[in-house]
Amino acid sequence: MAVNTSPESPLPVGEVSRLIGGWIDRLGAVWVEGQITQLSRRPGAGVVFLTLRDPSHDISVSVTCYRQVFDAVADVVGEGARVVVLAKPEWYAPRGQLSLRAAEIRPVGVGELLARLEQLKKSLAAEGLFAPERKTALPFLPQLIGLVCGRASAAERDVLENARHRWPAVRFEVRNVPVQGVHAVPQVVQAVKELDAMDEVDVIIVARGGGSVEDLLPFSDEQLVRAVAGCRTPVVSAIGHEPDTPLLDYVADLRASTPTDAAKKVVPDVGEELERVRMLRDRARRCAAAFVEREERGLAHALARPAIQDPHRMLDVRADHVLSLLERGRRTLGHLLDRADSELTHTHARVVTLSPAATLRRGYAVLQRADGHVVRDPAEVTAGEALRARVADGELTVKVDG
């Protein structure tokens, strides 16, 4: 219920604590899941003190229970164990402290953990976080690799040694974090986000050695899976051994079976690349030599052709042919001219023979009237009419005699 207060009429601390306690007392018992991070079980004491932590959100709460409640699970529950607790919230007014009073504690079995992980896997897959089209291809030769792993761990040593053996110039940006326990998830998430924010980091490797299902639980945490899904830098998952498949394997851009396998997949082998370069260089040299040899053979074949060896030969053959045609043309034209000249001479002779002038030279005359009309019939003229007589060498005037 809301309480009316003001600077002039504030509530005392004790009253505020009492009100909070009253509100909490009205809450019923709840089932709570978490991981035990601290366990205080003093000999002879009737109460056991626990600290229950949410590894995904870095939140803890104190839990108390009677000895007989804890003794029922003492053989299978210890620090680091995941449990489900039936507890009622309690408020300790003198210190203003919230705690849980446990009435029952149940360990979370491996089978139940696997069932929950399978359910979470299906839920995340339905969102498309594991879709192949979301994955980014790794660069051929990363210049700077981000590595998230345990401090001084075998996984760190395997990745660094194998990567530098394959490509000595490769550089690493290492983030040492807890890889199991209650602090693992938030610190791994923070390390991944830090490396993803660095522009010079080309790829991120999250590595851890093998372990039990409980040990590898941080790498199946939903918060970590979503953080990796949101990375713009390619992420490689190298968790555990070949059979281990935490959810990080499904969301990562590449899954490596071991940390050593991650180094082999991320960094190329300098010896293999040099051998590949040598093979490509030899292949290119052979191709160039074969091309030059083929062109030389083609050139030699072309030079061996008669037209190339004696380029004037074709001209000489054609020149003889042209001269022959020219001579033939000249002879043909001469014959044509001679025949035309002969025909012209004969025609001229016939024309001369048949011309009026030749007739006049044989003693004939042409009579013309004054108007130039040729007289062909005596009836055409009258007596005493003057006519012009045309002879071979000139003209003369004559008169018609009655």
Side-chain angles (χ1 to χ4, degrees), residues 33-35 53-59 82 108 110-139 142 145-150 155 159 173 175 177-199 201-259 261-263 265-266:
E33 181 186 357
Q35 188 174 19
R53 188 182 186 88
D54 185 343
S56 298
H57 297 87
D58 198 14
I59 298 176
R82 295 179 72 93
V108 177
V110 174
E112 187 176 358
L113 285 175
L114 293 177
R116 293 183 183 180
L117 289 180
E118 185 63 24
Q119 184 178 5
L120 178 59
K121 174 184 173 182
K122 292 180 179 179
S123 175
L124 296 175
E127 294 183 31
L129 297 186
F130 303 156
E133 56 268 18
R134 290 178 56 93
K135 301 185 184 300
T136 305
L138 270 61
I145 300 175
L147 177 60
V148 181
C149 59
V159 172
E173 184 71 24
R175 293 290 186 274
V177 297
V179 291
Q180 69 181 61
V182 295
H183 301 287
V185 173
Q187 294 198 30
V188 171
V189 170
Q190 181 182 359
V192 169
K193 290 183 177 179
E194 287 180 1
L195 294 173
D196 184 51
M198 299 175 62
D199 294 335
V201 173
D202 298 316
V203 64
I204 300 172
I205 300 177
V206 182
R208 186 201 190 283
S212 64
V213 175
E214 293 86 348
D215 292 340
L216 300 182
L217 278 179
F219 300 96
S220 293
D221 188 87
E222 181 178 0
Q223 183 182 359
L224 176 59
V225 171
R226 294 189 181 278
V228 172
C231 287
R232 59 178 180 82
T233 307
V235 178
V236 177
S237 174
I239 306 301
H241 302 296
E242 182 63 37
D244 301 323
T245 53
L247 297 186
L248 180 62
D249 287 351
Y250 297 98
V251 73
D253 298 289
L254 179 67
R255 176 189 181 271
S257 58
T258 62
D261 184 49
K265 290 183 175 180
V266 171

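Between Leu195 and Thr233, the closest side-chain pair of non-hydrogen atoms is not below 4.5 Å. At least one side-chain heavy atom of Lys193 sits under 4.5 Å from a side-chain heavy atom of Val189. Residues Val251 and Leu124 fail the side-chain proximity criterion, which asks for heavy atoms closer than 4.5 Å. Residues Asp196 and Val228 fail the side-chain proximity criterion, which asks for heavy atoms closer than 4.5 Å. Side chains of Arg208 and Gln180 form a contact here, defined as non-hydrogen atoms less than 4.5 Å apart. Contact annotation: the side chain of Gln35 never approaches that of Leu217 to less than 4.5 Å [non-hydrogen atoms, C-beta and beyond]. Counting heavy atoms from C-beta outward, Ser220 and Leu120 have side chains that stay 4.5 Å or more apart. Two residues are said to be in side-chain contact when any heavy atoms from C-beta on lie closer than 4.5 Å; Arg232 and Asp199 meet this criterion.
Residues Arg134 and Gly128 approach most closely at CD-O, 2.6 Å, considering heavy atoms. Counting all heavy atoms, side chain and backbone alike, Phe219 lies closest to Pro246 at O-CB, 3.6 Å. Smallest separation of non-hydrogen atoms from Ala229 and Leu129: CB-CD2, 4.0 Å. Across Thr136 and Pro234, no two heavy atoms sit closer than the pair CG2-CG, 3.9 Å. Contact record, Pro218 with Leu224: O-CD2, 3.5 Å, taken as the closest heavy-atom pair. Shown here for Lys265 and Ala256, the closest heavy-atom pair between the two residues is NZ-CA, 4.2 Å.
Of the residues Val201, Val236, Asp202, Val203, the one that meets the side chain to side chain contact (heavy atoms under 4.5 Å, CB included) test with Ile145 is Val203. Screening Leu138, Leu147, Ile204 against Val266 for a side chain to side chain contact (heavy atoms under 4.5 Å, CB included) leaves a single residue, Leu138. With Ser237 as reference, Asp249 is the one residue of Leu254, Asp249, Asp253 to meet the side chain to side chain contact (heavy atoms under 4.5 Å, CB included) rule.
For Arg255 and Asp261, the salt-bridge test fails: no basic side-chain N is under 4.0 Å from an acidic carboxylate O.
We find the OG1-CD1 distance between Thr245 and Ile239 to be 11.5 Å, quoted to the nearest 0.5 Å.
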Carefully, step by step, assess Arg175 and Gln190 under the rule side-chain hydrogen bond (donor to acceptor under 3.5 Å, both in side chains).
-> CA-CA 10 Å; Arg175 293 290 186 274; Gln190 181 182 359; over 6 Å; no
Given the rule in the side-chain contact (heavy atoms from CB on, under 4.5 Å) test, do Cys149 and Val159 qualify, once you have shown the distances and angles that lead to the verdict?
-> CA-CA 10 Å; Cys149 59; Val159 172; over 6 Å; no
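Enclosure of atom CD in Gln119 is not indicated, since only 12 or fewer non-hydrogen atoms of other residues, nucleotides or ligands lie within 6.0 angstrom.
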